[in-house]
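First comes the structure, then the notes that go with it.
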Amino acid sequence: MSKAKDYYRIDLETGKEDPKSRLFCDPRAGGFVDLSDVRILACSVDTVRQLYRGLIRPEVMSLFDKPGTIVDFAGQRWHSGRVSKDSGYQYKLQNADLGFILLVKNFNAKIENIGPHLKIEVSPHAIDTFSPERLQERLDYYASHVLTNVERNQCAVHLALDLQGWQPPADLVARMHCRARAARDISGIKEIQWTLESATYGKGQSYLFGSAGGVQLGIYNKTEQARAIDKLDYWEGVWRRRDSFDDTDPDNYNPEQDVWRVELRYHHSIIQQFASGSFDLQTGSTIQTDSYAAFAPHLDGLWRYGLRQFKLLARPGYFEPIWTLIREDVRVDLPVDSLVDETEYKRQYKTSRGFSGKNVELFLGNFVSLLARERVGARKAFYTLKGWDCWPVIRDHYAAKGMDEDGLYKHIKGILEERHVRWGRAV
């Protein structure tokens, strides 16, 4: 099969080729595809996994004597526990607030020997907080507290593009060409694996191409996935902050429209091959990196490389215009060091639209049961509820269902009365 070609990009006013135009012309059939409504919200590093070799410090293993407890490590508090053998490691130290998971003791190496005994996984909010250099310092700091004779053992990364104004065509699987044999189209009930967790949700579609030990391409509804794991508020903040991709439209993100994600996931072995096989055009030497910070300047090249390994074709021999757009116009956004001390935190408030509301419904049911037990009336209970810190989320949740404050009061009064009649006041 010949090398796939791109549609021409045409300036609407002059009719001449313009490498930045959103109007694409089929060079053979002569039709046009207009992608002016596609909005690029963010292209960022979604996951970093830094691997290390070394000898485990004896005092570290004592942190796992009582799995499931909170322990002190490297000046911070961590949750210790065991992990499944599928991860390749036996134990973990996790601090979700910081955004780090440390996987300790490789299943295939003896504890008394130097080996690949540590993998540190970094969450999106931690990646977004630090520049690659500062993040690498943090990773190396944790590694030095787990291992002696520390040496970096390459990294793995996921690159994620979030966009609106486009969604996968129904025949995506048929038109996606790649070397990988594995392809999954998950419709109806969805399940996506996220490091040690899984997110399950029931709307939209999700596609996964390739194998976990190589390069994978994932395309899925990010709005639904974020809502399912109660992270929609966080991601909406990212999309609003990063919508400067389109300088002509400061309101790039539309909260009423779903966001779709195109994600490239690179196993550490692929990063090593990329680093060993890529050359600096000025020096002629190979990249030869072994850390996230050293590889970060090459992420744009990695993004474009991935979109040439997985080819969405409009027809045989020609790329779908959206594939040309995201391959040529998108650049990976990396945070820079802030002048603000990293210990100065900014509060981020959750909103009712960021999750399903199940927690609110469960809380209200338990709240009413306690009211009945303590013989508290509906009016007093309602004013107590309004004084609680979480009242805005409860109010907004029911407002989204068409219930104002007066309606919510009557709702609480009604279910409290039902509780009294069916089960008694404090029996």
| Member of Val262, Ile219, Leu312, Ile322 meeting the side-chain contact (heavy atoms from CB on, under 4.5 Å) criterion with Pro168 |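 In the set Val262, Ile219, Leu312, Ile322, the residue that makes a side-chain contact (heavy atoms from CB on, under 4.5 Å) with Pro168 is Ile219.
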
| Just one of Asp329, Leu325, Ile326 clears the side-chain contact (heavy atoms from CB on, under 4.5 Å) bar with Val38, so which one? |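 That would be Leu325; it is the only one of Asp329, Leu325, Ile326 passing the side-chain contact (heavy atoms from CB on, under 4.5 Å) with Val38.
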
| request: Take Glu328 and Arg9 through the salt bridge (Lys or Arg N to Asp or Glu O under 4.0 Å) test and state the conclusion after the steps. | output: CA-CA 12 Å; Glu328 297 300 324; Arg9 304 179 73 167; over 6 Å; no

| query | Can a cation-pi geometry be assigned to Lys85 and Phe107, taking NZ or CZ under 6.0 Å from the six-membered ring centre and within 45° of the ring axis? | reply |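 Flagged: Lys85 positioned over aromatic ring of Phe107.
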
| query | Do Arg261's NZ or CZ and the ring of Trp235 fall within the cation-pi criteria of under 6.0 Å and 45°? | reply |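 Checked: cation-pi criterion met.
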
| said: Using side chain to side chain contact (heavy atoms under 4.5 Å, CB included), reason through Leu264 and Tyr305 one step at a time and then give a plain yes or no. | reply: CA-CA 10 Å; Leu264 289 166; Tyr305 168 82; over 6 Å; no

Take the angle between the ring planes of [X] and [Y] and call it parallel below 30°, perpendicular above 60°, tilted in between.
{"X": "Tyr207", "Y": "Phe209", "value": "parallel"}
{"X": "Phe73", "Y": "His145", "value": "perpendicular"}
{"X": "Phe367", "Y": "Phe363", "value": "parallel"}
{"X": "Phe100", "Y": "Phe130", "value": "tilted"}
{"X": "Trp239", "Y": "Tyr253", "value": "tilted"}

Can any side-chain N or O of [X] pair as donor or acceptor with the backbone N or O of [Y] at less than 3.5 Å?
{"X": "Tyr7", "Y": "Ala314", "result": "no"}
{"X": "Asn108", "Y": "Gly88", "result": "no"}
{"X": "Asn366", "Y": "Leu362", "result": "yes"}

So, for [X] and [Y], which heavy atoms are closest and what is the spacing to 0.1 Å?
{"X": "Gln50", "Y": "Asn153", "value": "NE2-N, 4.3 Å"}
{"X": "Ile127", "Y": "Tyr292", "value": "CG2-OH, 4.1 Å"}
{"X": "Arg327", "Y": "Leu307", "value": "CA-CD1, 3.6 Å"}

| request: Taking the side chain as every heavy atom from C-beta outward, state whether Val150 and Asp140 have any pair of such atoms under 4.5 Å apart. | output: no

| Any side-chain heavy atom of Leu217 sitting closer than 4.5 Å to one from Cys178? |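 The answer is no, as the side chains (C-beta and beyond) never meet within the 4.5 Å cut-off.
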
| Are Phe382 and Trp391 an aromatic pair by the rule of ring centers under 6.0 Å? | yes

| message | So for atom CG, which belongs to Asp97, do other residues, nucleotides or ligands contribute more than 12 heavy atoms lying within a distance under 6.0 Å? | response |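 Counting other residues, nucleotides and ligands, CG of Asp97 stays at 12 neighbours or fewer.
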
| message | If you count every heavy atom of other residues, nucleotides or ligands that lies below 6.0 Å from Asp37 atom CG, does the total exceed 12? | response |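 At most 12 heavy atoms, drawn from other residues, nucleotides or ligands, come within 6.0 Å of this atom.
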
| query | Could you go step by step and tell me if Asn221 and Gln225 meet the side chain to side chain donor-acceptor pair (under 3.5 Å) rule? | reply | CA-CA 6 Å; Asn221 188 318; Gln225 187 267 343; over 6 Å; no

